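Order of listing sets the numbers, starting from 1, for every ligand and every atom in it. What you are looking at is a predicted structure, and each value in this text was computed from that prediction instead of being measured.
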Amino acid sequence: MSNIKVLDKEFEPYLSEELIQQKISELASQLNKEYAGKRPIFLSILNGSFLFTADLFKQITIEAEVCFIKLASYKGTTSSGNVITAIGLDANVNGRDIIIVEDIIDTGKTLHHFLPQLESSNPASIKIAVLLNKTEALAYPVKIDYACFDIPNKFVVGYGLDYDGLGRNTKAIYQLKA
Ligand code: IMP
Ligand code: MG
């Protein structure tokens, strides 16, 4: 595999398509066992997690539903920033088992802001499944239940993840070249 250029930056191969798919298969097997008979809702957070959600969901063999929401971070004049819901939840989650599907957890801010909103709709349970977990960057108290990869605090693109809107359309994941 060779390096890729996205806008002004160069990225080098980091996680291969094969490795990503292997970890997703393992996660799917685990979820197929743990959620058998529960008809969980996979709640995918757009945009970054669309490929991960698709590949994971294709390997879910139990009864399950999928839905999508879009959360956006807006950095205002204050340093804290703000998370708004750009496309909301249309499913009735009351009494349901929810698996949140995220591409990457960085500071945890996005989910930390969204979780109380979801909890107020009284689901039976909420678990969080992420493809990539930047463990060192976590700054908000968010518990990650399933992570395919723990990665260092370095910027990555590919397989749904973007740099300024670009670089999502690759099968592998690439890391910013030092
Ligand atoms: P958090 O709210 O700080 O956990 O950030 C989560 C969001 O930041 C992700 O859903 C991504 O959209 C974005 N993000 C964080 N790290 C990266 C990265 O290395 N590459 C691309 N996007 C990232
Ligand atoms: Mg995301």
Donor-acceptor contacts, no H, no angles, side chain residues 90-100, under 3.5 Å, sequence neighbours left out:
from: Asn92; atom 1: OD1; to: Asn94; atom 2: N; distance (Å): 3.2
from: Arg96; atom 1: NH1; to: Glu65; atom 2: OE2; distance (Å): 3.3
from: Arg96; atom 1: NH2; to: Arg39; atom 2: O; distance (Å): 2.8
from: Arg96; atom 1: NH2; to: Glu65; atom 2: OE2; distance (Å): 2.9
from: Asp97; atom 1: OD1; to: Ser125; atom 2: OG; distance (Å): 2.5

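Within the set Leu138, Leu176, Asp106, the minimum heavy-atom distance to atom 15 (C) of ligand 1 is found for Asp106. Relative to atom 10 (O) of ligand 1, the option among Asp162, Val157, Thr110, Asp103 with the closest non-hydrogen atom is Asp103.
Qualifying salt bridge (charged side-chain N to carboxylate O under 4.0 Å, His left out) partners for Glu26, counting only residues two or more places apart in sequence or in other chains: none.
Side-chain contact of Asn32 with Thr61: a donor-acceptor pair under 3.5 Å is present, judged by distance alone. Checking Asp8 against Tyr163 by side-chain atom types alone, a donor-acceptor pair falls below 3.5 Å.
If you look at Ile45 next to ligand 1, there are no close heavy atoms at all, none under 4.0 Å.
Aromatic ring centres of Tyr174 and Tyr14 lie farther apart than the 6.0 Å criterion allows.
Of the polar atoms of Val156, at least one N or O is found under 3.5 Å from an N or O of ligand 1, judged by distance alone.
Under a 4.0 angstrom heavy-atom cut-off, Lys134 registers as being in contact with ligand 1.
Interface atoms of ligand 1 facing Gly108, defined by a heavy-atom separation under 4.0 Å, are 1 (P), 3 (O), 4 (O).
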